[in-house]
Amino acid sequence: MTERKLLLILAAVYFTYMLDFMVMPALTQIFARVFAMNPQQLGVLVAAYTFSAAVFGVVGSTMLDRFGRKPALLWLYGGFAVAMLLCALAPSYPFLMAARIVAGAFGGLVVSMTFSIVGDTVPAERQGAAFGLVMSTFSLSSVVGVPLGLWMAGLFGWQSIFYFISAACVVILFVVATLPAMNAHIAAARDRTFAMRLQAIFGRRSNLSAFLSTALVAVASYTIVPFLNPYFVANVGF
């Protein structure tokens, strides 16, 4: 498989993850009406996804290197597809909250696995361009996600966008299954204990700086984004 084809497949995986990420803020006002939610519950609902991804990302980082990249990505992405289906089937706020937590757990690890594959397969001198190609779908999902989510919710109900994302994930899963085996990292991972893995992650100052900056961006975003919809509807009348 060529490097470009591999990156396009990973970009498709990342796009569906980001599409779900962008759709949620767009649907907050609909959720508020359907489930009789107040703004605080809306904020918790949207933020639960990221907090779940953070917690399970740390847990998964100590275990996932013991498995091949391809089967790990297949299982995690399959779990994300099921989580999207659970979101669509949610009959109540607690059920939807649980589904979002599951989606965050699988979605966060899908992103970690996607970036790990890029790091493993693309030479260092081309990794900047490779990550740029994969993450360019963030911009695409930002532009497409909000109008698509609102359009589908208006025509077919709010559940339709989650059915759409789940179906797209299933289609992409078959494409992911064509990826080559990527197991070169397993031998080195077996020689490291749990404590050694934690030390490698949290024992470097550069890692801690990256974690802190990422966390601050996420906190800043979720302080504002979930409440844009309720604000414009309630205060501006838009």
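Small disclaimer: the values here were computed from a predicted structure and weren't measured. All heavy atoms count here, side chains included; hydrogens, waters and symmetry mates do not.
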Are the side chain of [X] and the backbone N or O of [Y] linked by a donor-acceptor pair below 3.5 Å?
X: Ser209; Y: Arg205; result: yes
X: Thr2; Y: Lys5; result: yes
X: Lys70; Y: Pro180; result: no
X: Glu3; Y: Val122; result: no
X: Thr137; Y: Val134; result: yes
X: Ser141; Y: Phe15; result: no
X: Tyr93; Y: Gln41; result: yes
X: Ser112; Y: Gly108; result: yes
X: Ser166; Y: Phe162; result: no
X: Thr28; Y: Leu42; result: no

Requested in this report: Give, for atom CE of Met135 and atom OG1 of Thr114, the distance between the pair rounded to the nearest 0.5 Å.
Outcome: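 The CE atom of Met135 sits 11.0 Å away from the OG1 atom of Thr114.
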Query raised in the report: How far does CD1 of Ile161 sit from CG of Asp20, to the nearest 0.5 angstrom?
Result: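 Reported to 0.5 Å precision, the distance equals 9.0 Å.
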Query - Which atom of Phe80 lies closest to which atom of Phe106, heavy atoms considered - result: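 Phe80 and Phe106 have their closest heavy atoms at N-CB, 3.7 Å.
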Query raised in the report: Between Gly78 and Leu173, which heavy-atom pair has the shortest distance, and what is it?
Result: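 The pair with the smallest heavy-atom distance is CA-CD1, 3.8 Å.
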Query raised in the report: Taking the six-membered ring for Trp, are Tyr163 and Trp158 ring centroids under 6.0 Å apart?
Result: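 No, too far apart.
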Query - Validation row, ring centre Phe138 to ring centre Tyr14 under 6.0 Å - result: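 No, the ring centres sit 6.0 Å or more apart.
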Query raised in the report: Does Val175 share a hydrophobic cluster with Met84, counting links as ILVMFWY side-chain heavy atoms below 4.5 Å and allowing steps through other members?
Result: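 Same cluster.
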Query raised in the report: Transitively linked via ILVMFWY side-chain contacts under 4.5 Å: Leu148 with Leu155?
Result: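 Same cluster: Leu148 reaches Leu155 through Ile, Leu, Val, Met, Phe, Trp or Tyr contacts under 4.5 Å.
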Does a side-chain heavy-atom distance below 4.5 Å link [X] with [Y]?
X: Met24; Y: Phe31; value: yes
X: Leu27; Y: Ile30; value: yes
X: Leu6; Y: Val118; value: no

Query raised in the report: Residues in salt bridge (charged side-chain N to carboxylate O under 4.0 Å, His left out) with Arg69, at least two apart?
Result: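 Expected list: Asp65, Asp120.
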Around [X], counting heavy atoms of other residues, nucleotides and ligands shown, do more than 12 lie under 6.0 Å from its [atom1]?
X: Phe211; atom1: CZ; value: yes
X: Glu125; atom1: CD; value: yes
X: Tyr231; atom1: OH; value: no

Report task. Kindly determine whether Leu109 and Met113 satisfy side chain to side chain contact (heavy atoms under 4.5 Å, CB included), including the steps that lead there. Result -> CA-CA 6 Å; Leu109 290 173; Met113 189 55 56; over 6 Å; no
